[in-house]
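Some notes on the structure that comes next.
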Protein chains: 2
Amino acid sequence: MARPTQDVTDAELQVLQALWDRSRATIRDLTEALYPDEGTSGYATVQKLLERLEQKDCVVRDRSEGPPHWFQATVNRDALIGRRLQAVAESLCGGSLVPLLSHLVQQSQPLSASDRKTLESLIARLEQERDQP
Amino acid sequence: MARPTQDVTDAELQVLQALWDRSRATIRDLTEALYPDEGTSGYATVQKLLERLEQKDCVVRDRSEGPPHWFQATVNRDALIGRRLQAVAESLCGGSLVPLLSHLVQQSQPLSASDRKTLESLIARLEQERDQP
DNA sequence: TTCTCCCTAAGACGTAATGTCTGAGTTTAG
DNA sequence: CTAAACTCAGACATTACGTCTTAGGGAGAA
C-alpha cells in the first residue's frame, strides 16, 4: 500500500531548499549551509532531518561513493506546492482544486506588475488550449 | 500585538464544519452531530475543541442566553482557504501567490465540465478587470 | 601502531500539539 | 429536593518535532 504523501516540517524544508540550491550535497555541506556554528550538534540535526526526509521519500541517499554519503532531493518545490494545495483541497473543498483557484483569482490584494504579467501569459495559454478542443 | 493567524486541526475543522452547517449551535448540538454515541466524553471533547477554537478566534461564545452557551463560527471556509494558501505561499514561494495560481492552472488533471465553466467565467471576469485600468 | 578527525547510526530529551477523558461545581427543570 | 444538563478545569497518552549526546567505524597523518 502506498504511503500517504506527507508534508515536511519547516526544518526539513530548510534542508530541501539547501538541496534544491545544489544538485546534491553531503551532510557536511548542508551543515555548513544551515548550522554554520553548531559543531557536532548541528551535524546531528541535519542527519536526523535527512533521515526523516528519506522516510518521507523526499530525498535519496547515495552510499555508493563511500563516506560521506551524498543526498539528493526527490521532490521539487513545485511538487511540494502541489502536495500542499491538494491537502488544502482535500481538507476544505472535498478534493476540488477549483475553490482554491477561485480564491486566488478573486483575492483583493493587488498583484505586482511582474506577477500580473505572469498571470496574463497563463491566461493566454489557457485560452489557446481552450480554442483547440 | 496581533496573534498570528493560526491553522485549525482536523478535529477542530469538523467542529467548524458543523457550525457552518448551522448559523449557531450549542455544545449538545455539536456533540450529537459529531460524537453521537460517546456520552459525556464526546461532550467534553467538543467542549475542549470549542475552547481551543475560541482561543484561535475562530468561534465566538454567546453566554447571554444562560446555559447552554451558543457558539458561532467567526471564520468561514473561504477565509480558511485563504489562510492556508497564504501559509503555503509564505513557506514555499516567498509570500507570492502567483506560483500557486500557476500551479493550479497548469495541473495535468483534467477539469470537469462544471469546473472548467467556473474557470472560464473567472478568466472572463479577470480580463474585464484588465481592460479597465 | 596510534591518534585524530570525520562520518554513520541510534537513541534520548524537552517541548508542544492533539484528541480524549474524568471530576467537581453550577444551574435549571421536574 | 433531586436529577439532568451544563460549565470549568485539568489530566492523560500519544505523536511530532528540533536538538543533542554517545558509541563505533574508517581513513589519513604522525
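Residue numbers begin at 1 in each chain, while the letters A, B, ... track the order of the sequences.
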*Where is the tightest heavy-atom contact between A18(A) and L30(A), given as atom of each residue plus distance?*
CB-CD2, 3.6 Å
*dC6(C) C1' sits how many Å from E38(A) CD, rounded?*
18 Å
*Report the distance from atom CD of Q14(B) to atom C1' of dT20(C), rounded to the nearest whole Å.*
15 Å
*asked:* Let's see if you can work this out: which of dG19(C), dC20(D), dT7(D) has an atom nearest to the side-chain heavy atoms of D10(B)?
replied: dG19(C)
*With nearest nucleotides of DNA chain D determined for A11(A) and P67(A) from heavy-atom distances, which residue corresponds to the more 5′ nucleotide?*
A11(A)
*asked:* In whole Å, I'd like the distance from the CZ atom of F71(B) to the P atom of dT7(D).
replied: 6 Å
*asked:* Are there over 12 heavy-atom neighbours, none belonging to D21(B), within less than 6.0 Å of that residue's CG?
replied: yes
_Heavy-atom pair of closest approach, residues E54(B) and V59(B)_ = N-CG2, 3.7 Å
*Whole angstrom value for the distance that separates C1' of dC20(D) from CG of D37(A)*: 17 Å
_How many whole angstroms separate atom CZ of R52(B) from atom P of dC21(C)?_
13 Å
*Work out which heavy atom in L92(A) is nearest to a heavy atom in R77(B); give both atom names and the distance.*
O-NH1, 2.8 Å
_Is there a path of hydrophobic side-chain contacts, each under 4.5 Å between heavy atoms, that joins V15(A) and W70(A)?_
no
*Can you tell me the distance, in whole Å, between the CZ atom of R28(B) and the C1' atom of dA29(C)?*
16 Å
_Using whole Å, what does the distance between atom C1' of nucleotide dG25(D) and atom CZ of R63(A) come to?_
14 Å
_Can you tell me if H69(B) touches the phosphate of dC6(D), counting only side-chain N or O atoms and a distance under 4.0 Å to OP1 or OP2?_
no
*What residues in residues 42-50 of chain A put a non-hydrogen atom under 4.0 Å from any atom of DNA chain C?*
Y43(A), Q47(A), K48(A)
*Please say which of K56(B), Q17(B), Q6(B), K48(B) ends up in a side chain to side chain donor-acceptor pair (under 3.5 Å) with E12(B).*
K56(B)
*Send over the distance from E51(A) CD to dT19(D) P, rounded to a whole Å.*
15 Å
_Under 4.0 angstrom between T26(B) side-chain N/O and dC6(D) OP1 or OP2_ = no
*Do H103(B) and D78(A) get their side chains close enough for a donor-acceptor pair, meaning under 3.5 Å?*
yes
_Taking only side-chain N and O atoms of T9(B), does any of them lie within less than 4.0 angstrom of OP1 or OP2 on dA17(C)?_
no
